[in-house]
Amino acid sequence: MLNIRFLKYIIVASGVIAFGFQHAEAQEPFSDIVRRIAAETPSYRAEQARLQASVESMRAENVLENPELEFERLWSAGEADNKWSGSLSQSFDWPGAYRARNRAALALATAGKLGLDENFRQLQVKAAESIVQLIAANRKVDILSEMHDSMKRLREEYDRAWQMGETTILDVNKMKIEEMRSAAELEEARAEANTIKADLLAMAPESDAIDQALDLSDFPYMRLEPADVYAGAAELSPELRYYSAISEAEAANVAVAKAQRLPGFSLGYVHAFEEGTHFNGLSVGVSLPIYSRKHSVAAATQLGMAARFDLIARRTELENRIAADHASASSLKRQIERFSPLVEGVNNLSLLRKALDGGELSLLDYLQETNYFLRARLDCLALVRDYTIMAFRLNSYMAPAM
């Protein structure tokens, strides 16, 4: 008689290899599809447009004021001649203010680009998670379809056996219940796959890469590097560089605020006509920003300090996040590696069915063992799914920006 414990050992978690890592080349088309989906999402395109608008707005602010043209005419109430005058003047800030604003604008533009890069990284992670979840959901549907077909065939066989008086009505009812259960689980899995598919389609509805993503059936190979590799990559990640650039931009804004407290000037040409004589001359003006910029330097200094603290907080948060993700991914990888040597090429249902047909298992034992191995396969599928998502999230810190 077949040893049930030995049978469990042979076929435990039989889906792991089938669901497991593919060859390294599988990662490249996957990464390409993910990048294309992220680049073609409406939200990313909107961020690109907003960044360009922000850059143009900053450029518009650092130009000379528009020239001012004035004309004056005075009519005499007596016998004196009428008088008139006209002037053209140009106002400008303290010369160093333009240079300071230009540096601040460049720093803000750099920060904006880095913020866009970080948004792109996050969109890639989101797209990858959806694709991997869809692959896992489709695999789950395949497993449950196989299980449901098996239960359906066995129920039909028990129906025929009962009609011939070779089994009991209790066994027939057991099979009907198992068939209904397997059908319900299958429908639930299909609904889950359809929901994930709809979410993925909503990310980039006009992207051709979505169709390619829907055709993927294998998990991409995801290498897990040592934790210090990811920690080093995070220091150069768009997220931290963004906060560093914001800190530099706020420091540049302090210089802008100080420059704007210095006097501004206006220079103009004046022409006047009085008592039959034309006069030509110059006009010079000085603006003294005594009151209007009183608190601007203090405000800019405080914003610069806040930006530096933001950078420190984000660095600490990112270091902790990477450490936690790497620990989780390493644990998942070890679990998968323990399963893999046990299950290559083993057909659970076939072995169990042979044991049932050979009288080595009762129907109840068969159903229990079948359910046991089904759960093991689904557990293994979840392990590979979670590992792939976690490893991609970590590797995204080393991916080049768009």
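The model shown is predicted, which means the values in this text are computed figures rather than measured ones.
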Hey, is [X] close enough to [Y] for a salt bridge, meaning N to O under 4.0 Å?
X	Y	value
Asp117	Arg121	no
Glu72	Lys83	no
Glu337	Arg334	no

With [X] via side chain to side chain donor-acceptor pair (under 3.5 Å) - residues at least two apart:
X	value
Ser331	Gln335
Gln163	none
Arg181	Glu178

Spatial distance of atom [atom1] ([X]) from atom [atom2] ([Y]) [nearest 0.5 Å]:
X	Y	atom1	atom2	result
Arg321	Arg314	CZ	CZ	7.5 Å
Leu394	Ile389	CG	CD1	12.5 Å
Ser87	Phe71	OG	CZ	10.5 Å
Thr388	Leu383	OG1	CG	10.5 Å
Asp149	Leu144	CG	CG	11.0 Å
Glu225	Tyr397	CD	OH	15.5 Å

A side-chain contact here means heavy atoms from C-beta on lying under 4.5 Å apart; do [X] and [Y] qualify?
X	Y	result
Met398	Val229	yes
Asp159	Lys176	yes
Lys140	Ile143	no
Met390	Met222	no
Asp218	Ile135	no
Phe392	Val132	no
Leu214	Leu201	yes
Phe219	Tyr387	no

Sidechain-backbone polar pair: [X] side chain, [Y] backbone, donor-acceptor under 3.5 Å:
X	Y	result
Asn119	Gly115	no
Ser330	His326	yes
Tyr44	Phe120	no
Ser237	Ala234	yes
Asn138	Ala193	no

Can you name the nearest heavy-atom pair linking [X] to [Y], along with the distance?
X	Y	value
Ala213	Ile37	CB-CD1, 4.1 Å
Ala204	Ile210	O-CG1, 3.3 Å
Ala111	Ile246	CB-CD1, 3.7 Å
Arg139	Ser217	NH2-O, 2.8 Å

Stepwise side-chain contact (heavy atoms from CB on, under 4.5 Å) check, Ile312 with Tyr243
CA-CA 9 Å; Ile312 295 171; Tyr243 284 99; over 6 Å; no
With respect to Ser182, which candidate in His148, Arg155, Glu146 satisfies the side-chain hydrogen bond (donor to acceptor under 3.5 Å, both in side chains) definition?
His148
Passes side-chain contact (heavy atoms from CB on, under 4.5 Å), Tyr230 versus Leu224? Steps please.
CA-CA 10 Å; Tyr230 296 115; Leu224 187 64; 3.9 Å; yes
What class does the angle between the rings of His278 and Trp84 fall in, given that below 30° is parallel, 30 to 60° is tilted and above 60° is perpendicular?
perpendicular
Quick one: do Asp171 and Thr168 satisfy side-chain contact (heavy atoms from CB on, under 4.5 Å)? Show the steps, please.
CA-CA 5 Å; Asp171 284 344; Thr168 66; 3.7 Å; yes
State whether the number of non-hydrogen atoms from other residues, nucleotides or ligands found under 6.0 Å of [X] atom [atom1] is greater than 12.
X	atom1	result
Lys152	NZ	no
Phe309	CZ	no
Glu188	CD	no

Using the rule given for side-chain contact (heavy atoms from CB on, under 4.5 Å), can you reason through Arg45 versus Gln48, listing the C-alpha separation, both sets of side-chain angles and the distance that settles it, and then say yes or no?
CA-CA 5 Å; Arg45 289 177 172 176; Gln48 285 180 310; 4.2 Å; yes
Establish, from distance only, whether the side-chain atoms of Gln122 and Glu118 form a donor-acceptor pair under 3.5 Å.
yes
Residue list, salt bridge (Lys or Arg N to Asp or Glu O under 4.0 Å) with [X], at least two apart or on another chain:
X	result
Glu187	Arg190
Arg36	Asp32
Asp199	none

Audit row: Lys126, Glu129, salt bridge (charged side-chain N to carboxylate O under 4.0 Å, His left out) steps and yes/no:
CA-CA 5 Å; Lys126 181 180 178 182; Glu129 288 182 357; over 6 Å; no
